[in-house]
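Counting starts at 1 for both ligands and their atoms, in listed order. Just so it is clear, the values below take in all heavy atoms, side chains as well, and ignore hydrogens, waters and symmetry mates.
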Amino acid sequence: MDPVKRQYESYPYPARDPAEEARRLVEGSPSDPIEIDHFLFRGRRDWRKPFRALVAGGGTGDALVMMAQRLADAGCPAEITYLDLSEASRDIASARMEARGLSATYEIRSLLDAPAIAAERGAFDYIDCCGVLHHLPDPSAGFRALSDALAPGGGAGLMVYAPYGREGVYPMQDALRALLGEDEPSAQVALARQALAALPETNGFRRNPFVSDHEVSDAGLYDLLLHSRDRPYSVPELLAELEGAGLAAVSFLEPLRYDPAPHLPATPEFAERLKRLSTAERWALAERLAGNMRMHVVYAVKAGREGQAMATLSAEAVPRWNGPDPRALGRKVQAEGGFAISMAGLRHWVPIPKAAAPFLPALASERSFGEIAKAARMDWFAFASTFGPAFRALAGVNLLHCSKGLPR
Ligand SMILES: C[S@@+](CC[C@H](N)C(=O)[O-])C[C@H]1O[C@@H](n2cnc3c(N)ncnc32)[C@H](O)[C@@H]1O
């Protein structure tokens, strides 16, 4: 049996109990439908129309359940196909869906079959592929398969591992493979736990504060340290894979984390040097300077459409707030001209012009930006110039999206 299939038959990932569905919905990126709308459909998709989605390598069902539940709540006629190599994972994913009265089509196949499924039943408007491509024997073939299964106006939400935030993981995988490689999965997990407990304080994995999956569950430990096939992608490597598959990145998440400027001295000389870099070079620089990225979440579309996919501030756009009480945030911005937020272990200062503070409470209403401007008796251009920097800053930390048809 393929060692990757063997792993996920023994340790479906992430570890999930269908009984938990009665208590909580697991949410995250990629594939929150409001994010999908914001990053791939300009925040303007008509969700009364059918939506065909593929969850490629769906595992125990996090993205499947989140998407299906949110789209059912919004009354969207969604057709979702789940695909995975692992029957044990599929069983957990389908039990979670059943616990919520939701349905999907389930396929035990390789994601390389995605184009064949699309040819049989129609191309996909959206493809989720989270934590899978870096486990394929030929990841480039996987990127191409997903691209070939995508409708021309569709998009994908992908997650792949990144190298610098996973420092110490790969030497540790090599060390454990040399010691335990041939043993049964459960024996490997037990011995790996003992080996980890004895690591010297100089060990790179032990010193890395960004990886903790091994502490959460046995499935997490196996996935992180005992995987038979796992390679990380730097920003340039990931962009090259996308390009090779006819895709292009719209945005990484969270967008602010891929801006190198906050990691450099705020001097004219550095500003001038940054200006000379392309968007892709700036993303790559941010990854190298920050050093904390252990994965990349990226929304991508067919090459050539990347400039037209993401929502921008417009009078028709309807804001969807994704954070704590925006009134409290408005008061903070009014007093301090911004706020601090921690992402992946790093504290970021998010500057927001004080003049934009009075508009923050309205972001949790159902009103479009045009209606918000009207209520403030401002013409659109005055509103857009006052609120524009706040829009970019809040979208940059994933607190603000646009979607007309999907409630938060
Ligand atoms: C790390 S898990 C991620 C699961 C899920 N996407 C998530 O983010 O929670 C990787 C999943 O990809 C599946 N997988 C690996 N290679 C695959 C392939 N070639 N085709 C389909 N699924 C695959 C595994 O069986 C496993 O369920």
Side-chain angles (χ1 to χ4, degrees), residues 1-18 20-21 25-32 35 53-68 80-97 104-118 124 126-146 148-149 156-162 166 169 173 185 211 213-214 216-233 253 294-298:
M1 191 194 288
D2 174 77
V4 170
K5 179 172 163 64
R6 179 177 85 139
Q7 168 183 341
Y8 291 109
E9 292 297 3
S10 302
Y11 286 112
Y13 182 89
R16 295 285 182 237
D17 175 359
E20 291 278 310
E21 295 310 312
L25 177 67
V26 176
E27 296 171 298
S29 303
S31 300
D32 172 329
E35 268 182 19
L54 173 69
V55 184
T60 50
D62 281 2
L64 171 74
V65 172
M66 171 178 65
M67 253 202 292
I80 308 184
T81 301
Y82 163 105
L83 173 161
D84 204 288
L85 290 178
S86 155
E87 292 176 35
S89 301
R90 186 270 323 270
D91 289 347
I92 296 170
S94 61
R96 293 175 68 188
M97 291 284 279
T105 304
Y106 298 92
E107 300 272 3
I108 296 296
R109 282 167 91 162
S110 166
L111 70 71
L112 298 179
D113 293 338
I117 297 173
F124 293 100
Y126 178 70
I127 299 179
D128 166 278
C129 190
C130 179
V132 186
L133 288 159
H134 46 232
H135 297 315
L136 264 54
D138 178 3
S140 306
F143 279 93
R144 278 196 303 274
L146 298 186
D148 290 348
L158 310 175
M159 185 280 269
V160 293
Y161 289 146
R166 281 168 71 84
V169 168
Q173 284 188 1
V211 281
D213 250 15
H214 57 301
V216 177
S217 63
D218 286 353
L221 187 151
Y222 205 104
D223 218 68
L224 184 66
L225 295 173
L226 298 168
H227 216 291
S228 57
R229 212 158 46 216
D230 157 353
R231 60 146 298 183
Y233 285 88
L253 254 59
R294 59 191 175 86
M295 61 179 80
H296 297 300
V297 173
V298 66

- [ ] Indicate yes or no for a side-chain donor-acceptor contact from Asp2 to the backbone of Lys5 under 3.5 Å, with no hydrogens or angles considered.
- [x] yes
Open item on the list: Could you identify the single nearest non-hydrogen protein atom to atom 16 (N) of ligand 1 and state the distance to 0.1 Å?
Closed with: Leu85 CD1, 3.7 Å
TODO: Considering only non-hydrogen protein atoms, determine which one is nearest to atom 25 (O) of ligand 1 and report residue, atom name and distance to 0.1 Å.
DONE: Asp84 OD1, 2.5 Å
TODO: Under 4.0 Å, heavy atoms only, figure out whether ligand 1 is touched by the backbone of Tyr13, its side chain, both or neither.
DONE: both
TODO: May I ask you to check whether Thr60 has an N/O atom sitting below 3.5 Å from an N/O atom of ligand 1?
DONE: no
Task: Region of Val4 engaging ligand 1 - heavy atom pairs below 4.0 Å - done: side chain
Open item on the list: If I compare all heavy atoms of Ser31 with all of Met67, which pair ends up nearest, and what's the gap?
Closed with: O-CG, 3.3 Å
TODO: Just jot down the ligand 1 atoms closer than 4.0 angstrom to any heavy atom of Gly59, in number order.
DONE: 4 (C), 27 (O)
Task: Closest approach of any protein heavy atom to atom 5 (C) of ligand 1, naming residue and atom - done: Gly57 O, 3.5 Å
- [ ] Say whether, by atom type as modelled, one donor and one acceptor occur between the side chain of Gln7 and the main chain of His227 under 3.5 angstrom.
- [x] no
- [ ] Could you check atom 14 (N) of ligand 1 against the protein and tell me its nearest heavy-atom contact, residue, atom and distance included?
- [x] Val132 CG1, 3.8 Å
TODO: For Leu83, counting its heavy atoms only, list the atoms of ligand 1 lying under 4.0 Å from any of them.
DONE: 21 (C)
TODO: Grab the two heavy atoms, one from Asp128 and one from Pro30, that are nearest each other, plus how far apart they are.
DONE: OD2-CG, 3.8 Å
Open item on the list: Just so I know, are the side chains of Val160 and Pro232 near enough to count as touching, which here means a heavy-atom distance under 4.5 Å?
Closed with: no
Open item on the list: For atom 3 (C) of ligand 1, what's the nearest protein heavy-atom neighbour? Residue, atom name and distance, please.
Closed with: Cys130 O, 3.5 Å
Open item on the list: Looking only at the side chains, is there a donor atom on one of Asp62 and Tyr13 sitting less than 3.5 Å from an acceptor on the other?
Closed with: no
Open item on the list: If we set the cut-off at 4.0 Å for heavy atoms, which region of Met159 has an atom near ligand 1: side chain, backbone, both, or neither?
Closed with: neither
Task: Residue, atom name and distance, where the atom is the protein heavy atom closest to atom 19 (N) of ligand 1 - done: Ser110 OG, 3.5 Å
Open item on the list: Taking a cutoff of less than 4.0 Å between a non-hydrogen atom of the residue and any ligand atom, is Gln7 in contact with ligand 1?
Closed with: no
Task: Per-residue contact class, Val55 against ligand 1 - non-hydrogen pairs under 4.0 Å - done: neither
TODO: Examine the proximity of ligand 1 to Leu136 and report which part, side chain or backbone, both or neither, has a heavy atom under 4.0 Å away.
DONE: side chain
- [ ] State, yes or no, whether a side-chain contact exists between Leu133 and Leu146 at a heavy-atom distance under 4.5 Å.
- [x] yes
Open item on the list: Measuring only between side-chain heavy atoms, which start at C-beta, is Arg166 closer than 4.5 Å to Leu224?
Closed with: yes
- [ ] Provide, to 0.1 Å, the distance between atom 10 (C) of ligand 1 and the closest protein heavy atom, together with that atom's residue and name.
- [x] Gly131 O, 3.5 Å
Task: Residue pair Asp223 / Tyr8, side-chain donor-acceptor N/O under 3.5 Å - done: yes
Open item on the list: Taking 4.0 angstrom as the limit and counting only heavy atoms of Ser86, give me the atoms of ligand 1 inside it, by number and element.
Closed with: 25 (O)
Task: Whether Thr60 side chain and Pro14 backbone form a donor-acceptor pair below 3.5 Å - done: yes
Task: Which residue and heavy atom of the protein sit nearest atom 20 (N) of ligand 1, plus the separation - done: Leu111 N, 2.9 Å
Open item on the list: Less than 3.5 Å apart, any donor N or O on the side chain of Ser29 or Glu35 sitting next to an acceptor on the other?
Closed with: yes
TODO: Could you tell me whether Asp223 approaches ligand 1 through its side chain, its backbone, both or neither, with non-hydrogen atoms closer than 4.0 Å?
DONE: side chain
